[in-house]
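Proteins get letters first, then strands, A, B, ... in listed order; numbering begins at 1 in each.
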Amino acid sequence: MMNFQHIHLPSIRPLTTAHLAQTMTLLGLTAMELRQKIEDELAKNPALELIEGRYCPNCNRPLANSGPCPECFRRQNESSDEPIIFISPRDDFIIPGSAVPDNENPFDELIAEYQDLSSYVLQQIATEIAPEDRVLAVHILTSLDEDGLLPVPIIEIASYHHVPVSRVEKIIHLIQHADPIGVGSPSPQEALRVQLQVLAENHPVPPMAEKAIETGLDLIGRRQYHELARKLGISVNEIKVISNFISQNLNPFPARAFWGEVHLPPSKLQDAYYHPDIIISLLNQNEDGPLVIEVISPLSGKLQVNPEFRKAISSAPTNKTEQWQNDLEKASLLVKCIQQRNHTIIRMMHEIAARQKEFILKGDTHLLPTTRASVAENLALHESTISRAVSNKTVQLPNRKIIPLAKFFDRSLHIRAELLNIIAQETKPLTDTEIADILKKRGYKVARRTVAKYRSIEGIMPAHLRARFSRQQHKTVPVVIHAI
DNA sequence: CTATGGCACGGATT
DNA sequence: AATCCGTGCCATAG
């Protein structure tokens, strides 16, 4: 049923245990980790060679420019509505917002040139700032770091332009309330505080959340709920609600697409955001067309066993032959394993895309609960293979949000999304039992107790605490700022 | 008496 | 084998 004949990849033969072991290891790596690994190997193994330049990783033809191989692309495009899927070398990502222009240059030109975070924000606030403050705004915006925070002290900006600090502060205030909310804040705390305030205008927020952010963000980060609870004089559970709420609804780094549920060390998290492992987009922005799936290969050159080395091995000095032989084997093994990895990921993404196209296009409510095991079964792979392939990886969706690949396997996401809908539309605060009933009517059979759990996961407070907020008019503010 | 959270159990998933 | 998740039961708060 699936046709991969157009993708030229090595056939799958019985593997040696070494082969298997390494394939497994590589499969669990993110694109960026793989890149590191390859660089390490290149450095210490003379038998391995990277030919610089652009080659199609699927058919090995040289390519004129970056992006997909036109030949492979065309061939797949012919086969109707199947997803178009290929390995895509991308070592030169430019992420919107990460480019920090040199602010020596004339500002307006820069703005025109960079379609990035700075100009995006400036467009929003342009009409609200006095012309003479424009330079200030641009200075601030071009000084933002890649997280959307302002690393420069306000005083410095003020004295540079010989204006009072209060005037700079006023502009920062404006910037902070543009989308993404909190951008331009001097610290994560500040960004969270602004987001919380804006959110509180239209939605219930947990009591004491602001206090918690101010006094104990680091404690929340380290999950030391007990200590914070003591400090604020509230229960540990309330802290948990606050913590959930923050990670679900707020974003300490306004320029980043997601934060929270993924508990990776900061450096890994950053990599995950800037370098997704897979990119899904639409062909010509057409919602009815096939999905285009790029499996990122972190190096653009061609990785191969150095033919010179292979030849030279017969004339190796006798005390080195064993060493060289060893290098040669390891090199060819690595190359094979990387191909194997790509092949597996491609097959898996093909399967996932076929099952979850609705979710990819329309969002959380359309996720079909799926297990890794069932995908494994369909592809005749072992469950642990899929587990490896899924873990730690991130996907960029057509809406440019980057999510963990594991989200495709969330058992309850669609129900939680529906629950979010219900609560967003409620006129009076609904109790858990009532929500459970509504969900049941809509085809989701869940126990009342489970509704409570979902609420907690989503950082939503119990009915009696939602009460006093609920009559507020609903502006068109999304319930969840940086969900997905 | 009602709504909700804590704990713990068992089955599914990794 | 270890972990995650949905659920039932019970205690507690309002």
*Asks:* Just how far, in rounded Å, is P of B/dT14 from CD of A/Glu377?
*Replies:*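 Distance check: A/Glu377 CD to B/dT14 P gives 13 Å.
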*Asks:* Counting heavy atoms from C-beta on, name the nucleotide in B/dA3, B/dG5, B/dC7 closest to the side chain of A/Lys453.
*Replies:*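 Per side-chain heavy atoms of A/Lys453, the pick is B/dC7.
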*Asks:* Please give, in whole Å, the distance from C/dC4 P to A/Leu413 CG?
*Replies:*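 Answer to the nearest Å: 18 Å.
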*Asks:* Among side-chain atoms of A/Glu322 and A/Asn326, is any donor-acceptor pair under 3.5 angstrom?
*Replies:*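 Side-chain D/A pair, A/Glu322 to A/Asn326: absent.
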*Asks:* As a test of reading the structure: which of C/dG8, B/dT14, B/dT4 is closest to the side chain of A/Pro462, going by heavy atoms?
*Replies:*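 Within the option list, the nearest is B/dT4.
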*Asks:* In whole Å, what is the span from the CD1 atom of A/Ile435 to the P atom of C/dG6?
*Replies:*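 Those two atoms, CD1 and P, are 16 Å apart.
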*Asks:* Out of B/dT4, C/dT7, C/dG6, which has the shortest distance to the side chain of A/Arg411?
*Replies:*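 Shortest atom-to-atom distance from the side chain points to C/dG6.
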*Asks:* Could you measure the distance from the CD atom of A/Gln176 to the CD atom of A/Gln195? Nearest 0.5 Å is fine.
*Replies:*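 Spacing of CD (A/Gln176) from CD (A/Gln195) equals 10.0 Å.
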*Asks:* What is the distance from CG of A/Asp410 to P of C/dC4, rounded to the nearest Å?
*Replies:*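 After rounding, the gap between these two atoms is 14 Å.
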*Asks:* Picking from B/dG5, B/dT14, B/dT4, which would you name as closest to the side chain of A/Arg449?
*Replies:*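 In terms of side-chain proximity for A/Arg449, the closest of B/dG5, B/dT14, B/dT4 is B/dG5.
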*Asks:* Using whole Å, what does the distance between atom C1' of nucleotide C/dG8 and atom CZ of A/Arg448 come to?
*Replies:*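 Rounding to the nearest Å, CZ of A/Arg448 and C1' of C/dG8 are 10 Å apart.
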*Asks:* Round to a whole Å and report the spacing from CG of A/Leu419 to P of C/dG6.
*Replies:*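 Whole-Å distance recorded here is 12 Å.
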*Asks:* Less than 4.0 angstrom between a side-chain N/O of A/Ser412 and OP1 or OP2 of C/dG6, yes or no?
*Replies:*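 True: A/Ser412 side-chain N/O within range (under 4.0 Å) of C/dG6 OP1/OP2.
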*Asks:* Can you measure A/His464 atom NE2 to B/dC1 atom P for me and round it to whole angstrom units?
*Replies:*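 After rounding, the reported distance stands at 20 Å.
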*Asks:* Ignoring backbone atoms, test whether A/Tyr454 places a side-chain nitrogen or oxygen under 4.0 Å from the OP1 or OP2 oxygen of C/dG6.
*Replies:*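 Affirmative; the distance criterion is met.
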*Asks:* So, is A/Arg388 close to the B/dT14 phosphate, meaning a side-chain N or O under 4.0 Å from OP1 or OP2?
*Replies:*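 Result: no.
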*Asks:* Would you say A/Gln356 and A/His366 are linked by a side-chain donor-acceptor pair, where the criterion is simply a distance under 3.5 Å?
*Replies:*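 Per modelled atom types, A/His366 and A/Gln356 side chains form no pair under 3.5 Å.
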*Asks:* Would you indicate, yes or no, if C/dT7 has its OP1 or OP2 atom less than 4.0 angstrom from a side-chain nitrogen or oxygen of A/Thr450?
*Replies:*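 So the side-chain polar atoms of A/Thr450 do come within 4.0 Å of the phosphate oxygens OP1 or OP2 of C/dT7, strictly under.
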*Asks:* Counting heavy atoms from C-beta on, name the nucleotide in B/dG5, B/dT14, C/dG8 closest to the side chain of A/Ala452.
*Replies:*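 So the nucleotide nearest the side chain must be B/dG5.
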*Asks:* Quick check: on DNA chain B, is the nucleotide nearest A/Asp432 upstream (toward 5') of the one nearest A/Phe409, or the reverse? Name the residue that is more 5'.
*Replies:*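 Taking each residue's closest nucleotide, the earlier one in sequence belongs to A/Asp432.
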*Asks:* Any idea which of B/dG5, B/dA3, B/dT14 is nearest the A/Thr371 side chain?
*Replies:*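 Between B/dG5, B/dA3, B/dT14, the one nearest the side chain of A/Thr371 would be B/dT14.
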*Asks:* Provide, to the nearest angstrom, the distance between the NZ atom belonging to A/Lys407 and the P atom belonging to C/dC4.
*Replies:*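 Taking atom P of C/dC4 as the reference, NZ of A/Lys407 is at 19 Å.
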*Asks:* Without hydrogens or angle criteria, can the side chains of A/Glu190 and A/Ser185 be said to hold a donor-acceptor pair below 3.5 Å?
*Replies:*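 Distance-only check fails for A/Glu190 and A/Ser185.
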*Asks:* Would you check if A/Phe408 and A/Ile403 make a side-chain contact, meaning some heavy-atom pair closer than 4.5 Å?
*Replies:*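 Result yes, sub-4.5 Å side-chain heavy-atom pair found.
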